[in-house]
Amino acid sequence: MDLLWQTAVNATYAASYMALIAVGLVMIFGVMGVINFAHGELYMLGAYCVVFLYAQETFPFLLAVAAGLVFVGFVGVIMERTMFRPLRDNPLGGLIASIGFLLILQTLAVFGFGRRMGHVPPSTQGKIEMFGAVLTYQRLFVVVAAILLLAALWVFLKRSKFGRALRACAQDAEAASLQGISMNQTARVAMFIGAALAGVAGALTAPLVSPTPYIGHSIIVTAFIIIIVGGVGSLEGAVIAAVIYAFVHTFVTTFFDGVIANIVGLALMLAVLVTRPTGLFGARERA
Amino acid sequence: MPTAGPAGSIRRAVWRLRLVFLFAILAALPYLLSYSQQEIAVLLVINVLLVCSYRLLTLTGEWSLGHVVIMGVGAYASALLAKQFGVPVPLSMLLGGCMAAAIAALLSFPLFRMKGFYFLIGSFAAGEIIRLIWKRFTDPFGGPKGLKRIDPFPNIETGFLSIDFYEPVNYYFLSLVIVSASLFVLYRVERSRIGLTFHAIHWQDRLAESVGVDTFRYRTLAFVIASFFAGIAGGLYAHYVGAVNPTRFSVDQMVYVLVWAVVGGTTTLHGPILGVVVLTVINEIVLRALGLDTARPLIYGAILILSVLYLPNGLESLGPRLRARWRLWRSGPAAGGGELA
């Protein structure tokens, strides 16, 4: 019973940072129609912000996380301006360019920090225990931050004028620009938010995962599974799918092993693709 | 397309002459290279087959992320047949290709319910599942360490002729023969009615369907043929290197195939070949000589981004573009500065 609770707690933690990553990827795809293959590397970049500012330069942890969020967000803006904007009507080109960008980010991380795992000391030692399950403050941090950030994003998208413009662009870019919404500005903001969410996920989890320059690979695979299961283009779907995937993956890892869990996750995605290509929560077709 | 008549026959003769010239260069090439460069040349020839078979699939408009895994299916199948069942190696390679084709036929049922982006992701998932199965099941796949000491290609020992395929030069010629034959088949397939149908499906799939083309079957056919030749490439690789492991067929390797195809261009058969040859030469010889070993992925990435931005139709479009510009410049220097699409 304790193990069951503990696994559920672990899954909740996994779900929260996966949701941040997947929602960012969906934002980028929704507004620009481009698959950002470098999304896992944006996560990696956020983690290395914490390695550099917190572990090496000993700034406060929260400051390092905030810096990671802003820095990675601006990297996203650079990606939008230099690659995704010129390639707006060439989705395959955008995908290929993001693969190129991924290789560049990986190499820069190797230059800056080496191939080996970066070690980040935990920022707090505290933990809470409930029903025999342990939740460290470090993990609790991630869960709370994810809930706050996603709630803020939800309010921004549904209540603010700019959020409405952003959703309009995701629905129909042409009609939105006819209404006087600037496509470039919207894409820039969407890219900033999408990248910043991946960056903050990396920054928050850096003390828990020991980042390497190649960590992005497993992240992007997970993110793809989540956005497919949730329905490409659906933010709520991405959050729900992150929870489903995290629970399935964590439980299978605990009771079988990690490789089997990856196979199950991929099979889940394939099953969704075959039976309901628009995902469990996506309503509209988007080719 | 060579046309009938005297002009056509001259063009055909010129074309044949060019081909003879090309083969003469390819035959002389290994003797101009160092031992390690010869080894790279063998892998390059194998990669030519890999990327050209990939192009056949892209003719129907679908971009897969599982092609390298399919190559791995051929490699694993051929290696296991030779190791565990004692199948003679040339036959095991052929059976490896058939195995890859069979797996592709099986995968086509779920995968070709999807198109475009969904197919891309679906093929990635399917490939990754196969790769994880190799990694998870030590018996018979050898787990994360893969298979080692795979039987080499048998040496030819007759009275007056003895060829040792452990030598890269000899394996180079073996691969060259097999790959050239395969490319010829791929070329014929593309020029046949079937190949024209692939093009039709790419550009006008609804229209093709409305005139009675079963697009599912043709997509499957392209996938199966492409996978067969990828499997052959895998067999060539396995019996040359002597070891295979799941990491060798990971998505990172797939990215390279994608890059070769995109940088080279996929509208012509020589486009992807140009891509793989140029990028391999830059990567293995120029950058290595400059001592930029760790920076290689960075430069690769930059080349990728720049070529997508400034050469969207690939290296293959460079020749005609320069020729058109040259013609324009000759006909009237005043108009020389004009931008050409």
Side-chain angles (χ1 to χ4, degrees), chain A residues 29 33-35 37-38 79 82-83 86-87 90-108 110-111 114-115 213-214 217 220-221 224-225 227-228 232 256-275 277-279 285-287, chain B residues 58 61 63 65 107 109-137 143-144 246 250-252 254-256 258-259 261-263 266 292 294-313:
Chain A
F29 183 77
V34 67
I35 305 299
F37 232 90
M79 288 173 77
T82 55
M83 305 184 327
L87 293 169
N90 180 1
L92 184 69
L95 174 90
I96 302 281
S98 74
I99 291 175
F101 200 73
L102 164 174
L103 293 172
I104 293 177
L105 289 182
Q106 268 182 4
T107 320
L108 289 178
V110 172
F111 277 151
R115 273 175 220 280
Y214 305 105
H217 177 77
I220 191 72
V221 174
F224 273 146
I225 295 175
I227 68 167
I228 292 288
V232 188
F256 295 93
D257 67 62
V259 180
I260 295 276
N262 287 341
I263 294 178
V264 169
L266 289 161
L268 179 72
M269 162 159 99
L270 210 54
V272 170
L273 274 172
V274 170
T275 52
T278 49
E285 182 81 44
R286 174 144 197 182
Chain B
T58 65
W63 292 73
L65 281 182
L107 287 179
F109 288 102
L111 290 185
F112 284 114
R113 293 175 55 106
M114 313 159 202
K115 278 201 314 196
F117 162 65
Y118 296 101
F119 178 81
L120 190 89
I121 299 296
S123 63
F124 169 72
E128 198 66 8
I129 289 175
I130 294 177
R131 211 175 66 80
L132 289 174
I133 289 173
W134 293 335
K135 199 171 172 182
R136 178 66 174 69
F137 296 99
S250 70
V251 75
D252 301 0
M254 185 60 224
V255 165
Y256 281 98
L258 203 61
V259 172
V262 168
V263 171
T266 52
L292 296 168
T294 29
R296 280 198 291 170
L298 187 141
I299 293 164
Y300 230 77
I303 290 175
L304 195 53
I305 294 174
L306 292 177
S307 76
V308 172
L309 284 175
Y310 300 109
L311 206 61
N313 297 319

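Quick note: numbers below take in every heavy atom, side chains included, and nothing from hydrogens, waters or symmetry partners. Chain naming here is simple, since letters A, B, ... match the order of the sequence lines and numbering starts at 1 in each.
Contact of B:Leu120 with chain A is made through the side chain alone, with heavy-atom distances under 4.5 Å. Heavy atoms of A:Leu102 lying under 4.5 Å from chain B are absent altogether. For B:Phe124, the part lying under 4.5 angstrom from a heavy atom of chain A is the side chain only. For a residue to count as touching a neighbouring chain, one of its non-hydrogen atoms must lie under 4.5 Å from one of that chain's; by this rule A:Ile228 touches chain B with the side chain only. Contact of A:Phe224 with chain B is made through the side chain alone, with heavy-atom distances under 4.5 Å. Residue A:Ala271: no heavy atom, backbone or side chain, is found under 4.5 Å from chain B. Residue A:Ser98 does not touch chain B at all, counting heavy-atom pairs closer than 4.5 Å. Only the side chain of A:Ile35 comes within contact range of chain B, with heavy atoms under 4.5 Å apart.
For the pair B:Thr58 (side chain) and B:Trp63 (backbone), a donor-acceptor distance under 3.5 Å is absent.
Within the model, atoms CD of A:Gln106 and NE2 of A:His217 stand 10.0 Å from one another, a figure rounded to the nearest 0.5 Å. Within the model, atoms CZ of B:Phe112 and CG of B:Leu107 stand 9.5 Å from one another, a figure rounded to the nearest 0.5 Å. Going from atom CD of B:Glu128 over to atom CG of A:Leu266 covers 6.0 Å, rounded to the nearest 0.5 Å.
Ranked by non-hydrogen atom pairs under 4.5 Å with chain A, the options B:Val255, B:Leu132, B:Leu111 are led by B:Leu132. Contact count against chain A (heavy-atom pairs under 4.5 Å) is highest for B:Ile305 among B:Leu309, B:Val251, B:Leu306, B:Ile305.
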Step by step, work out the side chain to side chain contact (heavy atoms under 4.5 Å, CB included) result for A:Ile227 and A:Phe29. CA-CA 10 Å; A:Ile227 68 167; A:Phe29 183 77; 5.7 Å; no
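Using modelled atom types, one finds a donor on one side chain and an acceptor on the other under 3.5 Å when comparing A:Arg115 with A:Tyr214.
Across A:Leu95 and A:Phe37, no two heavy atoms sit closer than the pair CD1-CD1, 3.4 Å.
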